[in-house]
Colleague: 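Mind having a look at this structure? Questions to follow.
Values below: every heavy atom of this structure, side chains too, minus hydrogens, waters and symmetry copies. Letters A, B, ... mirror the listed sequences (proteins, then strands); counts begin at 1.
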Protein chains: 2
Amino acid sequence: MQGRSKEQPHRPRRQRGGVRLADVAAAAQVSAPLASRVLNADPNVRATPETKARVLEAAEQLGYVPNIAAKTLRQQRTGLLGLVVHNLSSPIYLDLLQGARTEAAANNYFLVLGDVDELLTDDEAYRIFINGKRVDGLIVQGGHGEFDQRIAEIARALPTVIVNAPPKSTDTVAPLVAPDEVAATRMLTEHLLALGHARIGLISGPHDSPTNLLREQGVRDALAEAGHTLRDEDTAHLTWSAEAGRAGLRTLAGRWENTRDRPTALIGGNSLIGIGMLRAAAELDIAVPGDLSIAAVHDTWISEHLVPSLTTVSLPLREMGETAVRLLLTDTPRTQRTIISDPPPRLHARASTAIAREH
Amino acid sequence: MQGRSKEQPHRPRRQRGGVRLADVAAAAQVSAPLASRVLNADPNVRATPETKARVLEAAEQLGYVPNIAAKTLRQQRTGLLGLVVHNLSSPIYLDLLQGARTEAAANNYFLVLGDVDELLTDDEAYRIFINGKRVDGLIVQGGHGEFDQRIAEIARALPTVIVNAPPKSTDTVAPLVAPDEVAATRMLTEHLLALGHARIGLISGPHDSPTNLLREQGVRDALAEAGHTLRDEDTAHLTWSAEAGRAGLRTLAGRWENTRDRPTALIGGNSLIGIGMLRAAAELDIAVPGDLSIAAVHDTWISEHLVPSLTTVSLPLREMGETAVRLLLTDTPRTQRTIISDPPPRLHARASTAIAREH
DNA sequence: CTGAAAGCGCTTACAG
DNA sequence: CTGAAAGCGCTTACAG
C-alpha cells in the first residue's frame, strides 16, 4: 500500500434525490414504519392485502431501493464479507473466491477483497478494514505462521473463518475450513501404485510447512500400505512455485546419471510445482510418462491443456469458499472447529501418468 | 444467482460498544464537531496545537475508528468501487483486478466484486448492487455486445468506467480504458517477420468480435507493410478458449496434408488460444518452433512455463485497472473518452518462435 | 473559527 | 397490530 496519499482525492458524488422509504409510504398512504414492515415481509403485519399491495406497488413504481448506509447504521450490519487472500494471481485460489462470491451473492451479501500481506503488515489498512466496520465478517486465508498473532487479533474483533490452512494442534482462534490434504496425496499415490509404480518420489513445498507435512503424510501412508517407503533421495523440498518444481526435478535427475536406480513416478506438491516438473522433464529429455510419470495436487484449468496433460487430484476449493461464507452467515457462536470440506479429493487421471515400464 | 432464499439467514452481529466520535470529543474536552474537524484535518481549524494534540491522542488512546456507515449516510459516499468482471477464472484479467485493487487501496477505497453475467441478467442483483448505493462507482468489463443497453443504463445511474472493451465508433456511454490491440498483434507479426517468416496465419476469436477485428488488423497492417498478406486459408475464427486454439490448429493442419504450401508461423488471438495451439501441435507432431512458430496475445504467468515457452505480447492490464480506478476517483464530470492505456504492448520472445526454416 | 442543531434514511422499542 | 418518536454516528450548513 505504498504511496497512499493522505490527502483525499476527489470522490465521485452520488446523484441526489433518490427515492426514500418516506416517499413510498406517502405514495401508498401508510406510515413509514408500516411501509418498512411490509417491504421487509414482517410476519406480524396485519394490514389488509390491499394495503400491502399498495405499498409494494408504490415501491415498484417509484423504483425504491433501500439506502444501504442507513440500513447499516441502524442495524449495525454491512451486508459485506471480507475475503482476504494471499496471492490473487495464483490460479489455485480462484475457485475458492468464486465459491465464496456465489454463496455470498445467494444471500444478498457481497465480497470485499483484501490482501493478506497488506492487511497483516499495513496498520492503516488494518484499521480501516477491520476496525472500520467495513464488513460483517472475514474469510482469511491461513497458513501464515508468522501472522497467527494478528489473525487471532482479527478474530477477536470480527467473526472470522480461516480457510485452506492446515489444522493446527494448537489453539484454534477461529473456525477453519480445510481440504483433506492427506487423502489427496494418498489418492495420487494409490493411482500410481495401481499403475505398477513402486518407487515414487515427491517434489513439494518447504519441508516443515504444515501443508507439506500433510501432503507428504498421504504419500507415505499409501506407500507404506503397499510395502514401500518414500526415500529421502527421491524428495525435494523448495517452494510452492513452478520454478521450484523445475529446480526440484533437475536436482533429482542429477542423482540419476548413469544409473537406473531411480523412481518411475513423481508427485508434485501442488499444480505449479507439477507444471515446473513437466518443463524440466522436457528440457532434460525425460519422456513423460514413458520414462517418468508425473502427477500433482490441485486441478486447475490449465492441467488438461499442458503437454502432456497433467494427472491431478482436485481439492474442493469452490465448496470451501461456499462453506466459509455459510459459516459466517449462520454460525451464531464463534464455534471453534475444523471443517474438513466435502466433497473428498477427486482424481483426474491424464496423460502424464501411465503404466510403469520395466527399467 | 439461482437458489437465493428470500428469507434472510442469521447475520453476524457487530459487537456493540465501539468508540464513537462523541467519546473522543468528551475525552479531549472539545465538541464533537471540532473533534471531527481535527481528525479530518480540516485546514480551517484554528484550535491550539495543544487542543489538536489532545484530540488526536484521545482518538489514539481509545482506538477510535469512524463508523463507515454513518459517514456514508451523511456524506453519500461509500468508499467502495464495484469491479464487475466477466470471467474471474481466466488468468488474463487477474492483473487488471490486481491493478484496480492496489490503486483503490492507495486511496482508501475498497473493491467489491461483481459478476458481469449475474449483474446483467439478474434483476435483483442489479437493483441491490447498482441502485442500492453499494458503491460510488463501477468498473465494468466491456465487450458484451448484447448488454450494451444495460451498461448504458448503469452508466446513467452511477459513475462508470468501461474497461478492456474495443473502442466503438458508436456513442460511448462512459469512459473507456483499453489497450492498444492493433499495436499488440502488429508487434507479434513484426517479430515473426524479423525472424524471416513471410507467411503468417492467425487463429483468433469470433471473426466479427470487435476485439478480433482489431487484433486481426494489426496482423494485416504489419504483413502489408512487408509486402505480404493474411490469407483466408491461414486463419481460423472460433472462440477465445484453449479448446478453440486446439481445434483451430487442427483445422489448419488438415489443409497442410501432403503439401509444403503452408504458413511457417501462427499467431494466437489470446493466450488461451496459444496454449491450445501448442497442445494441438504436440498431438499432431508438428515441431514448435522447428516446423511452426507460435506466438500469442497476453502474457500470463503460465507463458514461460509451457513447453516450449510461449512467445507473447503483454498488454498493460495492471495499468488499465489502475487507470480505471483513478478515472473514477478524479474525473469529476463523466467525461466520455477513450483512453488507450500506457505502457504500449511489450514483446516477450520465447522458445516457441524461431528463425523460419526453408521448406 | 467554533458549537448547537439538524439531518442523512432507515428500523424498532415503546406506547397506544 | 400500528404509528410517533427516537436514535444509529457522523458531518456540515448555519448562527454566533
Side-chain angles (χ1 to χ4, degrees), chain A residues 8 11 13-52 54-55 58-59 62-79 128 131-134 136, chain B residues 8 11 13-52 54-55 58-59 62-79 128 131-134 136:
Chain A
Q8 305 291 319
R11 266 57 198 287
R13 277 288 157 73
R14 162 82 27 69
Q15 78 285 12
R16 285 324 208 77
V19 180
R20 293 155 305 142
L21 178 65
D23 302 324
V24 174
Q29 293 171 298
V30 298
S31 70
L34 184 54
S36 170
R37 287 170 177 131
V38 170
L39 290 172
N40 290 307
D42 182 334
N44 294 325
V45 167
R46 288 279 166 272
T48 63
E50 290 75 35
T51 307
K52 289 187 186 178
R54 228 169 45 237
V55 172
L62 298 172
Y64 171 71
V65 178
N67 179 306
I68 308 259
K71 217 164 176 158
T72 298
L73 180 57
R74 180 66 232 242
Q75 300 187 318
Q76 306 286 342
R77 197 179 65 74
T78 65
I128 295 176
N131 294 330
K133 325 211 163 178
R134 268 237 163 271
D136 295 334
Chain B
Q8 305 291 318
R11 265 62 199 283
R13 278 286 157 77
R14 162 79 29 68
Q15 76 286 13
R16 285 326 208 77
V19 180
R20 294 154 305 140
L21 178 65
D23 300 324
V24 174
Q29 294 171 296
V30 299
S31 69
L34 184 54
S36 171
R37 286 170 179 132
V38 169
L39 290 172
N40 289 307
D42 181 334
N44 295 324
V45 167
R46 288 280 167 272
T48 62
E50 290 76 37
T51 307
K52 288 187 187 177
R54 230 170 43 238
V55 172
L62 297 172
Y64 170 71
V65 178
N67 180 305
I68 308 258
K71 217 164 176 160
T72 298
L73 180 57
R74 180 64 232 242
Q75 300 186 319
Q76 307 284 343
R77 196 180 67 72
T78 64
I128 294 176
N131 294 331
K133 322 209 165 180
R134 269 236 161 271
D136 295 334

Colleague: Can you check the distance between C/dC10 and C/dC14, where both ends of the measurement are the P atom (answer in whole Å)?
Modeller: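 Roughly 23 Å separates the two P atoms.
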
Colleague: DNA chain C: stems of at least 3 consecutive Watson-Crick or G-U pairs, cut-off 3.5 Å?
Modeller: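 Stems for DNA chain C, defined as runs of 3 or more consecutive pairs: C:1-3 with D:14-16, C:5-12 with D:5-12, C:14-16 with D:1-3.
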
Colleague: Can you tell me which nucleotide in D/dC10, C/dC1, D/dG9 comes closest to the side chain of B/L21?
Modeller: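 Of the candidates, D/dC10 comes closest.
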
Colleague: Between the protein and nucleotides 13-16 of chain D, which nitrogen or oxygen pairs come in under 3.5 angstrom?
Modeller:
| from | atom 1 | to | atom 2 | distance (Å) |
| --- | --- | --- | --- | --- |
| D/dA13 | N6 | B/R37 | NH2 | 2.8 |

Colleague: For the pair made of CG in B/L73 and P in D/dT12, what is the distance, rounded to whole Å?
Modeller: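 Those two atoms, CG and P, are 12 Å apart.
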
Colleague: May I ask you to verify if any side-chain N or O of B/N40 is less than 4.0 angstrom from the OP1 or OP2 atom of D/dT11?
Modeller: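 For B/N40, the contact criterion (side-chain N or O under 4.0 Å from OP1 or OP2 of D/dT11) is met.
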
Colleague: Please measure how far the C1' atom in C/dT12 lies from the corresponding atom in C/dG16, and state the result in whole Å.
Modeller: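 Looking at atom C1' only, C/dT12 and C/dG16 are 16 Å apart.
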
Colleague: CG of A/D23 versus P of C/dG9: gap in Å, rounded?
Modeller: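 In whole Å, C/dG9 P lies 9 Å from A/D23 CG.
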
Colleague: Which of these nucleotides, D/dC10, D/dG3, C/dC10, is closest to any side-chain atom of A/Y64?
Modeller: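 Closest of the options to the side chain of A/Y64: C/dC10.
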
Colleague: Between D/dT2, C/dC1, D/dC10, which nucleotide gets closest to the side-chain atoms of A/V45?
Modeller: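 My answer, after comparing the listed nucleotides, is D/dT2.
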
Colleague: Examine distances only and state if a side-chain atom of A/D42 and a backbone atom of A/N44 form a donor-acceptor pair shorter than 3.5 Å.
Modeller: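 Yes: the side chain of A/D42 pairs with the backbone of A/N44.
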
Colleague: At under 4.0 Å, does any side-chain N or O of B/S36 touch on OP1 or OP2 of D/dT11?
Modeller: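 Yes, such a contact exists.
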
Colleague: May I have the distance from A/L39 (atom CG) to C/dC10 (atom C1'), rounded to whole angstrom?
Modeller: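 Taking CG of A/L39 and C1' of C/dC10, I get 12 Å after rounding.
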
Colleague: I want to verify a distance call: between D/dG9, D/dT2, C/dG9, whose nearest atom is closest to the B/Q76 side chain?
Modeller: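 Nearest listed nucleotide: C/dG9.
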
Colleague: Can you identify which nucleotide, out of C/dT2, D/dG9, C/dC1, has its nearest atom closest to the B/A47 side chain?
Modeller: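 Nearest nucleotide to the side chain: C/dT2.
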
Colleague: Can you identify which nucleotide, out of D/dT2, C/dT2, C/dC10, has its nearest atom closest to the A/K71 side chain?
Modeller: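 So the nucleotide nearest the side chain must be C/dC10.
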
Colleague: Compare side-chain N and O positions of A/Q75 against OP1 and OP2 of C/dT12 and report whether any pair is under 4.0 Å apart.
Modeller: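 Indeed, a polar side-chain atom of A/Q75 lies that close.
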
Colleague: Considering only heavy atoms from C-beta outward, does the side chain of B/V30 approach that of B/V38 to under 4.5 Å?
Modeller: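 Contact flag for B/V30/B/V38 side chains = no.
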
Colleague: To the side chain of B/L34, which of C/dT2, C/dC10, D/dT2 is closest?
Modeller: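 Selected nucleotide: C/dT2.
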
Colleague: Taking atom C1' of D/dG7 as reference, at what distance in whole Å does atom CZ of B/R20 sit?
Modeller: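 For the pair B/R20 CZ and D/dG7 C1', the rounded distance is 11 Å.
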
Colleague: Whole Å only: how far is the NZ atom of B/K52 from the P atom of C/dC1?
Modeller: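 Rounded to the whole Å, the gap is 11 Å.
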
